[in-house]
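Positions are given from 1 along the sequence.
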Amino acid sequence: MAATVRRQRQRRRVCWALVAVLLADLLALSDTLAVMSVDLGSESMKVAIVKPGVPMEIVLNKESRRKTPVIVTLKENERFFGDSAASMAIKNPKATLRYFQHLLGKQADNPHVALYQARFPEHELTFDPQRQTVHFQISPQLQFSPEEVLGMVLNYSRSLAEDFAEQPIKDAVITVPVFFNQAERRAVLQAARMAGLKVLQLINDNTATALSYGVFRRKDINTTAQNIMFYDMGSGSTVCTIVTYQTVKTKEAGMQPQLQIRGVGFDRTLGGLEMELRLREHLAGLFNEQHKGQRTKDVRENPRAMAKLLREANRLKTVLSANADHMAQIEGLIDDVDFKAKVTRVEFEELCADLFERVPGPVQQALQSAEMSLDEIEQVILVGGATRVPKVQEVLLKAVGKEELGKNINADEAAAMGAVYQAAVLSKAFKVKPFVVRDAVVYPILVEFTREVEEEPGVHSLKHNKRVLFSRMGPYPQRKVITFNRYSHDFNFHINYGDLGFLGPEDLRVFGSQNLTTVKLKGVGDSFKKYTDYESKGIKAHFNLDESGVLSLDRVESVFETLVEDSPEEESTLTKLGNTISSLFGGGTTPDAKENGTDTVQEEEESPAEGSKDEPGEQLELKEEAEAPVKDASQPPPPEPKGDAAPEGEKATEKENGDKSEAQKPVVCRSLFTRFGF
């Protein structure tokens with residue numbers, strides 16, 4: 001009896017030990033579930049987290065504020081961030097960096113680099129000959145690129161999130177302006193890698209705002225399309241977005257709400273910063289006028305004094321939004337001389353008159369890109385701090401012709417909340433209600449190549465071809481395949497931006513180079529020599545525009561096909577062999593292909609290949625891709641083919657040759673040239 005009791009006690013101890021181990025594992029797992037979002041604005045950032053038990057909450061910084069200035073002060077042995085760096089801006093303006101996001105992905109000759117130098121002459125920008133960009137020269141031994149400075153800020157944002165969540169965080173969704181091109185987006189990703197962050201997605205800030213608006217108004221969305229315009233004027237830029245909300249039928253979750261970006265317009269330099277700079281210049285002129293004839297130096301030559309004036313201009317702009325006039329005053333502006341002057345709202349509006357004239361511009365751009373009229377817009381909603389300026393609201397209200405402007409959204413935190421909702425969706429550690437997001441391409445991308453053609457017997461000429469990969473306002477993420485049917489030797493092709501006629505001359509100069517990369521293919525001729533008995537199905541280049549809007553060339557391959565006649569009992573074995581060869585070289589079904597789908601672009605209409613008009617099955621598949629959303633809210637409803645583009649081609653070939661002989665089966669071989677991103 002005693003032995004039995006001892007055995008039962010031992011079993012209980014073992015059971016409790018197992019339970020303790022399982023609980024420890026669960027607790028350790030829960031410590032890694034938290035994800036974060038960073039709404040990275042020009043002037044300030046908002047950080048939000050999601051963790052078990054804490055659904056979508058804004059992070060408080062060390063000063064218990066929900067908004068943190070994007071400012072960095074760099075010294076030889078220490079760094080300051082946020083409010084601490086803002087207070088250091090007066091003492092050490094040269095080492096205090098702000099608005100450096102305007103330099104991301106910009107070459108040294110970009111107009112924005114010159115504009116930044118004119119706005120902040122206290123900073124010394126040096127040329128980086130290797131990258132053709134600029135550095136911040138803090139001291140002879142200390143220099144940093146804009147990407148490195150942004151990496152420091154992102155690392156600081158992660159520390160804030162980890163302190164708030166009380167656990168380590170690595171996964172993040174970061175907002176970027178919708179007008180960021182490929183170079184600028186890659187610069188943000190590089191900065192995130194420096195900070196040790198795993199970027200789940202770079203989400204456009206206008207899309208994040210629209211997602212936040214839709215998530216909290218899910219019950220108001222129905223099958224009737226609702227067109228909402230979001231007008232976002234922040235510190236550095238202005239973006240106008242037209243979004244359509246409605247419920248759609250998904251394959252897995254039934255009827256679910258969806259947002260679709262229909263139109264986008266923007267002004268890269270229209271924002272609160274430019275208004276503050278105008279006010280700073282006005283205050284500097286008033287101070288010089290008050291002390292004219294005295295021995296006081298020109299205040300514009302003193303960086304510390306100008307930093308004080310910029311801080312006062314920021315405060316003055318905010319106060320004048322609610323008052324008709326206000327007294328600007330600074331103690332010890334320069335040489336222990338105080339400054340005091342009265343500024344009225346009328347004076348402020350006169351200083352910024354040309355800026356207010358630019359307010360309707362993004363609205364017209366958005367309507368034009370959406371091919372819509374103002375009558376189709378149900379509501380105009382204000383986002384961003386600079387929209388609180390009364391004159392901005394007055395001009396915008398007149399431009400849109402509505403009775404009132406919508407202010408039923410948190411103008412400061414909407415993007416951060418939408419981004420953290422997307423982070424929860426992408427992390428797959430949280431169960432969230434589906435919300436389909438269909439984002440849109442702002443800058444079209446195409447492929448250009450030159451081929452020798454014979455127009456007449458013995459007369460050869462070069463023909464320049466362009467094929468659009470991703471059209472303007474088309475949905476993404478998306479995969480595309482372009483087939484080159486007329487090449488049997490090594491050749492090059494160029495990946496460029498498409499028609500940018502919607503940008504003005506100044507925006508085109510700021511945009512930079514329109515060439516993304518040049519792809520040089522080698523080994524094409526060798527592949528044709530290797531498979532002389534096979535029929536060529538073209539050279540296929542596989543492109544991917546991912547959830548972050550970043551383009552990559554996954555692979556380029558030459559595809560060959562032949563028909564092999566076999567006995568019925570051996571048919572299965574050879575079919576498996578053909579499928580194995582195809583999958584070895586990347587031709588089989590992949591999770592990414594199922595997730596994002598693959599569309600095709602033809603080199604020549606008279607040379608049908610994958611996805612051409614001669615293959616109705618493929619066309620039907622593509623049609624379904626555009627109309628049937630999927631459950632994943634992290635992306636627009638992408639194509640969902642049963643396999644890669646190449647297996648579809650195999651099926652089409654089987655169908656065409658089915659009447660010839662049931663014993664004939666196609667065997668596909670692929671020669672892979674390269675696999676890389678750019």
Side-chain angles (χ1 to χ4, degrees), residues 35-50 55-60 65-68 70 157 161 172-180 201-221 226-245 257-262 264-266 271-272 362 366 377-389 392-393 396 404-426 432-433 435-439 633-634:
V35 293
M36 62 179 286
S37 72
V38 184
D39 178 22
L40 199 61
S42 296
E43 184 179 51
S44 61
M45 65 179 178
K46 278 75 65 180
V47 182
I49 65 164
V50 171
M56 295 173 56
E57 187 169 346
I58 296 292
V59 171
L60 302 181
R65 296 178 181 174
R66 301 169 72 86
K67 184 165 60 174
T68 303
V70 181
S157 71
V173 169
I174 303 174
T175 69
V176 294
V178 65
F179 51 76
F180 264 22
Q201 180 181 350
L202 294 181
I203 186 171
N204 295 330
D205 48 14
N206 61 334
T207 304
T209 300
L211 179 58
S212 174
Y213 180 86
V215 164
F216 290 105
R217 291 163 180 79
R218 178 184 294 267
K219 295 181 180 179
D220 299 333
I221 302 175
Q226 305 174 38
N227 299 319
I228 307 294
M229 176 182 287
F230 295 92
Y231 192 88
D232 181 3
M233 181 182 286
S235 177
S237 60
T238 299
V239 176
C240 181
T241 310
I242 298 176
V243 183
T244 298
Y245 294 94
Q258 170 189 277
L259 72 85
Q260 180 179 2
I261 305 297
R262 299 289 302 278
V264 175
F266 56 85
I377 305 299
E378 297 184 13
Q379 190 178 12
V380 179
I381 297 177
L382 298 178
V383 187
T387 56
R388 297 187 178 97
V389 176
V392 171
Q393 298 183 15
L396 180 61
E404 60 179 359
L405 299 173
K407 302 176 184 178
N408 52 344
I409 191 172
N410 190 323
D412 291 323
E413 299 177 359
M417 297 301 285
V420 80
Y421 185 89
Q422 187 74 346
V425 171
L426 296 175
V432 296
K433 293 183 178 180
F435 201 110
V436 182
V437 178
R438 291 176 60 88
D439 214 331
S634 66

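F180 meets the ring-ring contact (aromatic ring centres under 6.0 Å, His included) test with no other residue; sequence neighbours excluded. Every residue was checked against the ring-ring contact (aromatic ring centres under 6.0 Å, His included) condition with Y231, not counting sequence neighbours, and none meets it. Not counting sequence neighbours, the partners of T68 by the side-chain contact (heavy atoms from CB on, under 4.5 Å) test are M45, N61, Y156, L160. Take R65 and apply the salt bridge (charged side-chain N to carboxylate O under 4.0 Å, His left out) test, not counting sequence neighbours, and it matches D83.
Atoms CD1 and CG, from I261 and N204 in turn, are 8.0 Å apart once rounded to the nearest 0.5 Å. Rounding to the nearest 0.5 Å places CD1 of I203 at 6.0 Å from CG of L211. Put simply, CD1 on I49 and CE on M56 are 12.0 Å apart, with the number rounded to the nearest 0.5 Å. To the nearest 0.5 Å, the span separating OG1 on T209 from CD1 on I381 amounts to 10.0 Å. The line from OG of S157 to NZ of K46 is 12.5 Å long, rounded to the nearest 0.5 Å. Of the inter-residue distances, the one linking F230 atom CZ with I242 atom CD1 reads 11.5 Å to the nearest 0.5 angstrom.
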Atom pairs and distances, side-chain donor-acceptor, residues 35-44, under 3.5 Å, sequence neighbours left out:
{"residue": "S37", "atom": "OG", "partner": "A416", "partner atom": "O", "Å": "3.0"}
{"residue": "S37", "atom": "OG", "partner": "V420", "partner atom": "N", "Å": "3.4"}
{"residue": "D39", "atom": "OD1", "partner": "T175", "partner atom": "OG1", "Å": "2.9"}
{"residue": "S42", "atom": "OG", "partner": "H102", "partner atom": "NE2", "Å": "3.4"}
{"residue": "E43", "atom": "OE2", "partner": "N314", "partner atom": "ND2", "Å": "3.0"}

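In this structure, Q422 and F435 have side chains that are not in contact, with every pair of non-hydrogen atoms separated by 4.5 Å or more.
The two atoms that bring A161 and V47 nearest to each other are CB-CG1, 4.0 Å, heavy atoms only. Here the closest heavy-atom approach between residue G272 and residue A386 is recorded as N-CB, 3.9 Å. Contact between A366 and C240 at its shortest, heavy atoms only, is CB-O, 3.7 Å. Between T238 and G271 the shortest heavy-atom distance is OG1-N, 4.4 Å. The two residues A414 and I409 come nearest to each other via the heavy atoms CB-CD1, 3.7 Å. Annotation for V432 and A424: closest pair CG1-CB, 4.0 Å, computed over non-hydrogen atoms.
Tested against T241 for a side chain to side chain donor-acceptor pair (under 3.5 Å), the candidates N206, D232, D205 yield a single pass: N206. Exactly one of I228, V243, N227 qualifies for a side-chain contact (heavy atoms from CB on, under 4.5 Å) with R262. That residue is N227.
Within the 3.5 Å criterion, the main-chain N or O of A210 finds a donor-acceptor partner in the side chain of Y245.
Applying the side-chain hydrogen bond (donor to acceptor under 3.5 Å, both in side chains) rule to pairs touching residues 405-418 yields R66-E413, R388-D412, Q393-K407, N410-E413, sequence neighbours excluded.
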